[in-house]
Amino acid sequence: MTELGLLGPANTYHDITRKRYLPHLSYRYFFNFNDIFEALNNGTIGKALVAVKNSSSGLVNDNLERISQDYNHLETFELPINLCLGSAFPNTVASIKKIFSHHMAIKETQHYFSKYHHITFIASASTAGAVDELLNNKEKHAAVISSKEAIEANNLLLLAENIEDEQNNATTFYLISK
Ligand SMILES: O=C(O)C(=O)C[C@]1(C(=O)O)C=C[C@@H](O)C=C1
């Protein structure tokens with residue numbers, strides 16, 4: 001049994017939280033929260049790290065409700081969320097037409113992008129998953145909102161840093177078990 005399940009791929013904010021607080025556990029990445037809850041139910045993983053709320057964008061899906069009904073809450077971790085804009089091409093914010101990211105990260109940067117009406121936002125399963133979508137997409141005027149770690153690990157250009165609307169943007173993660 002793998003000790004910990006979390007939202008992947010590498011360099012999501014779940015992964016950054018894991019590295020900071022739970023580096024000793026064996027782990028496995030999952031595509032979305034449903035798959036994580038299912039893996040807890042069938043015993044593929046012993047524990048899971050799940051985001052429950054963000055200081056500016058609010059509750060993460062219905063995770064808090066699901067946890068309170070069916071799972072044990074073991075520990076709480078809070079991570080400052082500094083969002084970055086990355087692209088495979090030398091764009092500026094004004095030249096970007098399409099942005100991939102997790103829906104919570106899109107919400108956390110709403111004000112930052114409010115004057116760029118020509119941008120289309122596309123929701124991905126995670127901020128690091130958005131990097132994979134960007135790389136598959138190959139469009140010149142496309143970008144991602146993700147962690148600096150995900151941008152650097154995938155050799156993207158860092159167009160902007162700390163683009164979150166709230167200076168003290170932070171997400172609360174629960175360590176849970178069945
Ligand atoms: O997409 C990621 O990198 C995640 O870890 C998910 C998630 C979330 O579930 O809210 C975690 C923190 C950020 O607020 C944005 C997205």
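Whatever order the structure lists ligands and atoms in, that order sets their numbers, starting from 1. Remember, it's a predicted structure, so these values are computed and weren't measured experimentally.
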Exercise. What part of Leu7 sits under 4.0 Å from ligand 1 if we count only heavy atoms: the side chain, the backbone, both or neither?
Worked result: side chain
Exercise. Is a side-chain donor or acceptor of Ser95 paired with a backbone partner of Thr92 at a separation under 3.5 angstrom?
Worked result: yes
Exercise. At a non-hydrogen distance cut-off of under 4.0 Å, which region of His102 contacts ligand 1 (side chain, backbone, both, or neither)?
Worked result: side chain
For this session: For ligand 1, find out whether one of its N or O atoms is nearer than 3.5 Å to an N or O atom of Ser126.
Result: no
For this session: Look at the side chain of Asn72 and the backbone N and O of Ile176, then say whether any donor-acceptor pair between them is shorter than 3.5 Å.
Result: no
Problem set entry | Minimum-distance protein heavy atom relative to atom 11 (C) of ligand 1 | Tyr13 CB, 3.9 Å
For this session: Tell me which protein heavy atom sits closest to atom 2 (C) of ligand 1, plus the residue, atom name and distance to 0.1 Å.
Result: Thr127 OG1, 3.3 Å
Exercise. In Å and rounded to the nearest 0.5 Å, what is the CG to CD1 distance from Asn137 to Ile122?
Worked result: 7.0 Å
For this session: Can you sort out which atoms of ligand 1 are near Glu108, meaning under 4.0 Å from one of its heavy atoms?
Result: 14 (O)
For this session: Report the part of Thr171 (side chain from C-beta onward, or backbone N, CA, C, O) that has a heavy atom under 4.0 Å from ligand 1; answer both or neither where that applies.
Result: side chain
Exercise. Any idea which atoms of ligand 1 are less than 4.0 Å away from a heavy-atom of Phe33?
Worked result: 9 (O)
Problem set entry | Chi angles and distances behind the side-chain contact (heavy atoms from CB on, under 4.5 Å) call for Arg66, Phe37 | CA-CA 9 Å; Arg66 273 178 101 161; Phe37 287 118; 3.4 Å; yes
For this session: Report the part of Val60 in contact with ligand 1, treating N, CA, C, O as backbone and CB onward as side chain, heavy atoms under 4.0 Å; options are side chain, backbone, both, neither.
Result: side chain
Exercise. Which residue and non-hydrogen atom of the protein lie closest to atom 5 (O) of ligand 1, and at what distance in Å?
Worked result: His14 ND1, 2.7 Å
For this session: Any atoms of ligand 1 less than 4.0 Å from a non-hydrogen atom of Asn54? List them with their elements.
Result: 14 (O)
Problem set entry | Whether Asn162 side chain and Asn82 backbone form a donor-acceptor pair below 3.5 Å | no
For this session: Give the C-alpha distance, both sets of side-chain angles, the deciding distance and a yes or no for salt bridge (Lys or Arg N to Asp or Glu O under 4.0 Å) between Glu139 and Lys98.
Result: CA-CA 9 Å; Glu139 247 178 82; Lys98 192 184 268 185; 2.8 Å; yes
Exercise. Taking the six-membered ring where the residue is Trp, are the ring centres of His14 and Phe33 under 6.0 Å apart?
Worked result: yes
For this session: Show which atoms of ligand 1 fall inside a sub-4.0 Å distance from at least one heavy-atom site of Thr12.
Result: 2 (C), 3 (O), 5 (O)
Problem set entry | Side chain His111, main chain Phe113, donor-acceptor under 3.5 Å | no
Exercise. Of the choices Met104, His103, Glu164, which has the non-hydrogen atom that lies closest to atom 15 (C) of ligand 1?
Worked result: Met104
Exercise. Taking the six-membered ring for Trp, are the ring centroids of Tyr21 and Phe77 within less than 6.0 Å of each other?
Worked result: yes
